[in-house]
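Proteins get letters first, then strands, A, B, ... in listed order; numbering begins at 1 in each. The structure presented is a predicted model; accordingly, all values stated were derived computationally and were not measured.
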Amino acid sequence: MNNPFVRVQIEDFDLSTEVNWLRENHTDVGAVVAFVGTVRDINEGDDVQQLELEHYPGMTEKALENIRQEAHKRWHLESSLIIHRIGKMQPKDQIVLVAVASRHRDNAFEASHYIMDYLKTNAPFWKKEWTPEGERWVDARLSDEQAMQRWLA
Amino acid sequence: MNNPFVRVQIEDFDLSTEVNWLRENHTDVGAVVAFVGTVRDINEGDDVQQLELEHYPGMTEKALENIRQEAHKRWHLESSLIIHRIGKMQPKDQIVLVAVASRHRDNAFEASHYIMDYLKTNAPFWKKEWTPEGERWVDARLSDEQAMQRWLA
Amino acid sequence: MVNILYFASFREVFGQAQEQIPAQFANVGELIHNLAERGEHWREILLENAQVQIAVNHDIANRDTPIKAGDEVAFFPPVTGG
Amino acid sequence: MVNILYFASFREVFGQAQEQIPAQFANVGELIHNLAERGEHWREILLENAQVQIAVNHDIANRDTPIKAGDEVAFFPPVTGG
């Protein structure tokens with residue numbers, strides 16, 4: 001049950017390769033929106049030296065696929081892709097890619113934004129960061145919960 | 001006065017290269033949203049065999065830079081980039097790239113959407129397409145005008 | 001028997017990633033009360049913490065969710081991926 | 001003297017991309033009326049067409065925009081890039 005549209009992996013990804021793969025079998029694509037989340041080197045005022053991402057194998061893939069399918073129900077999309085890395089990462093490293101291909105741009109913008117908002121609150125990943133003060137688990141942000149809520153309106 | 005953040009060019013572009021360039025000198029980037037517009041192989045029900053993009057040299061670059069600067073006034077962004085191709089293109093070819101890097105994702109999503117909506121209505125480019133019926137200039141879409149208007153609210 | 005998983009800070013505080021409990025519980029709430037008897041950390045994190053997240057067999061659940069033999073129950077803090 | 005540019009379908013219908021007119025006009029409207037005297041196409045496209053787009057020296061303009069010697073005035077249909 002390898003789902004090529006939902007990948008949880010240690011390896012980095014190449015944006016061009018993934019976006020080209022996403023649109024290669026869909027001729028009627030006029031718009032692709034790709035979101036890349038990266039490791040910030042500052043969080044809550046402290047220097048971040050390293051980040052580690054833990055996940056819940058099995059549930060993560062299921063949650064991401066559910067979010068993706070919900071996006072396809074809400075908008076007319078040609079294809080979509082979620083890649084999320086796990087393990088240790090350094091500042092500036094890529095963490096997550098959400099890419100959506102559609103005929104017209106509004107659908108691609110909205111669906112990719114929706115997928116990211118749900119991923120942030122519904123997919124079982126946890127970040128730990130190392131700063132000069134030591135290591136700490138990153139707190140969930142209220143703004144992420146609020147961002148997800150707006151799609152319920 | 002070569003502006004590396006606004007490029008009008010015949011050559012294709014590589015998404016990864018451009019996004020990496022955009023975030024390479026900005027450490028506090030947590031989110032990048034990239035929009036890629038591509039040549040659809042169907043428009044208004046007809047097969048599109050070839051597309052040609054004409055522009056107004058000088059005014060185009062100025063209009064794109066104005067749109068970009070307006071986005072930086074509206075949102076807190078780390079950096080942004082617009083590349084628009086001109087000349088002849090085939091179905092599936094990349095036409096335009098808008099990429100925005102910011103600390104948090106909402107700003108990057110909204111600013112890239114804004115830049116595309118304004119580009120579609122305010123930047124002097126014109127598309128001609130070749131179909132089995134012959135060649136024709138593409139008509140401006142009312143929906144593009146409406147998409148731009150929503151940012152005035 | 002129930003399979004229990006702990007993630008992130010919960011895993012660290014409890015000092016274990018998973019365990020199997022050879023008992024039956026009607027629902028997640030009963031299981032939580034049982035685990036809370038182990039001590040302060042367990043009570044604070046699982047019972048008194050409004051932010052605790054629960055999944056049963058990979059689906060988000062709550063204290064009323066029934067559990068049966070062989071189910072996988074996971075406890076974890078609010079997620080922070082992306 | 002005014003430099004005039006035509007783009008896309010306008011360029012094709014008029015059969016020219018640019019020209020210089022050795023005369024003075026108070027504003028774009030005056031220039032349009034002058035060009036419209038050339039014939040049906042010119043009148044229809046520049047004078048009677050509510051969709052005509054105008055730029056003076058690379059800035060979006062309208063019929064009231066003043067023009068002075070050496071200005072670049074462009075006429076084009078609604079844009080369709082992106």
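For the set A/G37, A/A31, A/P91, A/A34, the count of heavy-atom pairs under 4.5 angstrom toward chain B peaks at A/A34. Across B/V36, B/V100, B/V98, the residue that shares the most heavy-atom pairs under 4.5 angstrom with chain A is B/V36. Heavy-atom pairs under 4.5 Å with chain A were tallied for B/N20, B/V96, B/D117, B/I95; the largest tally goes to B/D117. When each of A/K120, A/E24, A/E110 is scored by its heavy-atom pairs under 4.5 Å with chain B, the top score falls to A/K120. Chain A forms the most heavy-atom pairs under 4.5 Å with one residue out of B/D106, B/I42, B/V48, B/V39, and that residue is B/D106. The residue among A/K92, A/R105, A/R23, A/R103 with the most heavy atom pairs within less than 4.5 Å of chain B is A/R105.
Contacts between B/V19 and chain A at a heavy-atom distance below 4.5 Å involve the side chain alone, from C-beta outward. With a 4.5 angstrom heavy-atom cutoff, B/Q94 touches chain A via backbone and side-chain atoms both. For A/S112, the parts lying under 4.5 angstrom from a heavy atom of chain B are both the backbone and the side chain. Proximity to chain A (any heavy atom under 4.5 Å) is restricted, for B/A147, to the side chain, taken from C-beta onward.
Side chains of B/H72 and B/S80: a donor on one and an acceptor on the other come within 3.5 Å. Side-chain atoms of A/D14 and B/S16 include a donor-acceptor pair closer than 3.5 Å.
In terms of heavy-atom proximity, B/Y56 sits nearest to B/E61 at O-OE1, 4.3 Å. Nearest approach of A/L77 to A/N107, heavy atoms of both residues: CD2-O, 3.8 Å.
For the pair B/R7 and B/W21, the cation sits on the ring face: its NZ or CZ lies under 6.0 Å from the ring centre, inside 45° of the axis.
Salt bridge absent: A/E52 and A/K127 never bring a charged side-chain N and a carboxylate O closer than 4.0 Å.
The aromatic ring centroids of B/W130 and B/W137 lie 6.0 Å or more from each other.
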